[in-house]
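See structure below.
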Amino acid sequence: MRPEPGQLLHFSEDPTITRFIPRASPTSKDRGAFVWAVDAVRSPDYWFPKQCPRAMAWMTPDTSPSDRERIIGPGGGDRVHAIEYDWLEEIRDVRLYAYRFDSTPFRPIGEPVPRAHVAEEPVQPLGPPEPVGDLFALHAEAGIQLRVLDILWPYWETITSSTCGFNGIRLRNSLGHPAHRPEARPRTLLGQSRSDGGAVERRGEESTRQRGES
């Protein structure tokens, strides 16, 4: 599920939206009210339930052979998405939808490589939302390895110290996140409480690793 040329996508679990109004996100480091959408390159980042924490890594021209071996691994293509076991059932059961937009009202955001596109005016989708379908099948068709871990945070720390390109979303909801303790789990699971988490993407010198994203 990716946009056609000249289009962008917005992924949502709500199939009833007819008009998107710019909103300020309390978890975003980007100041302002926006409607968010993604291009074909960034679409796989959102093939998940909204609150699902995921750590993603991919090959770039600067990725070392040793990092390819330890981060991506043999037989896994050029990209890996890591999640936690706690989210498997939700990934299987979630009903995710994609809204298509004309890209004209949007501008890229993020440096040196845009991680999304934003509009600062209300926008309407080009048509009704499209069911995204089986998220496991979507990963398989795209050749993206889906790795399942007990605890995501240590793998994220390994990714961010590597020469791979990387992105992390909703990491605050992951087990082992420094902001949480076992008694304050970040989602409704095993009787524990939910806490929203924002997208995480390292800036500065490490962000240049995204130049080779595919």
Side-chain angles (χ1 to χ4, degrees), residues 1-3 5 8-9 11 29 38-88 90-92 96 98 108-117 132-179 197-214:
M1 175 62 72
R2 300 181 195 254
L8 298 168
L9 293 183
F11 292 91
K29 63 179 179 290
V38 289
D39 58 19
V41 171
R42 284 296 190 178
S43 289
D45 294 15
Y46 294 90
W47 294 345
F48 297 91
K50 180 179 179 179
Q51 296 298 333
C52 177
R54 58 267 198 192
M56 298 164 284
W58 53 84
M59 296 290 297
T60 78
D62 298 325
T63 301
S64 68
S66 61
D67 280 346
R68 177 176 186 131
E69 179 71 19
R70 73 189 183 98
I71 302 296
I72 307 298
D78 293 332
R79 183 173 178 129
V80 58
H81 290 175
I83 59 170
E84 293 175 336
Y85 280 108
D86 286 347
W87 286 88
L88 277 176
E90 191 159 344
I91 291 173
R92 188 180 303 279
L96 191 66
I109 191 169
E111 295 180 350
V113 176
R115 68 184 182 280
H117 290 70
V132 175
D134 188 328
L135 300 181
F136 293 118
L138 205 59
H139 278 80
E141 291 166 5
I144 299 173
Q145 180 186 164
L146 191 59
R147 188 172 300 178
V148 187
L149 306 171
D150 285 334
I151 301 176
L152 186 60
W153 193 255
Y155 185 62
W156 169 247
E157 292 185 316
T158 301
I159 289 173
T160 58
S161 63
S162 76
T163 55
C164 292
F166 59 85
N167 188 20
I169 295 177
R170 293 297 192 271
L171 291 174
R172 187 174 292 273
N173 292 350
S174 67
L175 300 180
H177 187 280
V200 175
E201 189 158 12
R202 292 283 284 276
R203 302 190 196 184
E205 60 182 13
E206 289 174 332
S207 64
T208 62
R209 297 178 193 162
Q210 297 178 54
R211 289 198 175 103
E213 181 176 6
S214 60

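Start at 1 with the first residue, then count along the sequence.
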Write down the atom of [X], the atom of [Y], and the distance for their closest heavy-atom approach.
{"X": "I71", "Y": "S162", "value": "CG1-CB, 4.0 Å"}
{"X": "M1", "Y": "S43", "value": "O-CB, 3.7 Å"}
{"X": "L138", "Y": "V132", "value": "CD2-CG1, 3.6 Å"}
{"X": "E69", "Y": "P74", "value": "OE2-CD, 3.9 Å"}
{"X": "P44", "Y": "V41", "value": "CD-O, 3.4 Å"}
{"X": "A55", "Y": "I159", "value": "CB-CD1, 4.0 Å"}

Please check this pair: side chain of [X] against backbone of [Y], looking for a donor-acceptor N/O pair closer than 3.5 Å.
{"X": "Y46", "Y": "L9", "value": "no"}
{"X": "Q145", "Y": "I72", "value": "yes"}
{"X": "D67", "Y": "T163", "value": "yes"}
{"X": "N173", "Y": "Q51", "value": "yes"}
{"X": "E84", "Y": "L152", "value": "yes"}

Tell me whether the rings of W156 and F166 are parallel (<30°), tilted (30 to 60°) or perpendicular (>60°).
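If you compare the ring of W156 with that of F166, the planes turn out perpendicular.
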Rounded at 0.5 Å granularity, tell me how far CZ in R70 sits from SG in C164.
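Those atoms lie 7.5 Å apart.
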R42 with D45: basic N within carboxylate O range, under 4.0 Å
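D45 and R42: salt-bridged.
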Less than 4.0 angstrom from a charged side-chain N to a carboxylate O is my criterion; do D78 and R68 meet it?
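Yes, charged N to carboxylate O under 4.0 Å.
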Name of the residue among R147, H139, R54 meeting side-chain hydrogen bond (donor to acceptor under 3.5 Å, both in side chains) with H81
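Passing option: H139.
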Quick check with a 6.0 Å cut-off and a 45 degree axis cone: is R170 positioned over the face of F48's six-membered ring?
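R170 over F48 ring: no.
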Given side chains that start at C-beta, do those of [X] and [Y] come closer than 4.5 Å, heavy atoms only?
{"X": "L135", "Y": "P49", "value": "yes"}
{"X": "I169", "Y": "M56", "value": "yes"}
{"X": "I83", "Y": "L88", "value": "yes"}
{"X": "W87", "Y": "V148", "value": "no"}
{"X": "W153", "Y": "L171", "value": "yes"}
{"X": "Y155", "Y": "D150", "value": "no"}

Give the intermediate values and the outcome of side-chain contact (heavy atoms from CB on, under 4.5 Å) for residues H117 and V38.
CA-CA 6 Å; H117 290 70; V38 289; 6.0 Å; no
Determine whether W58 and N167 satisfy the following criterion, side-chain contact (heavy atoms from CB on, under 4.5 Å), listing intermediate values before the conclusion.
CA-CA 9 Å; W58 53 84; N167 188 20; 3.8 Å; yes
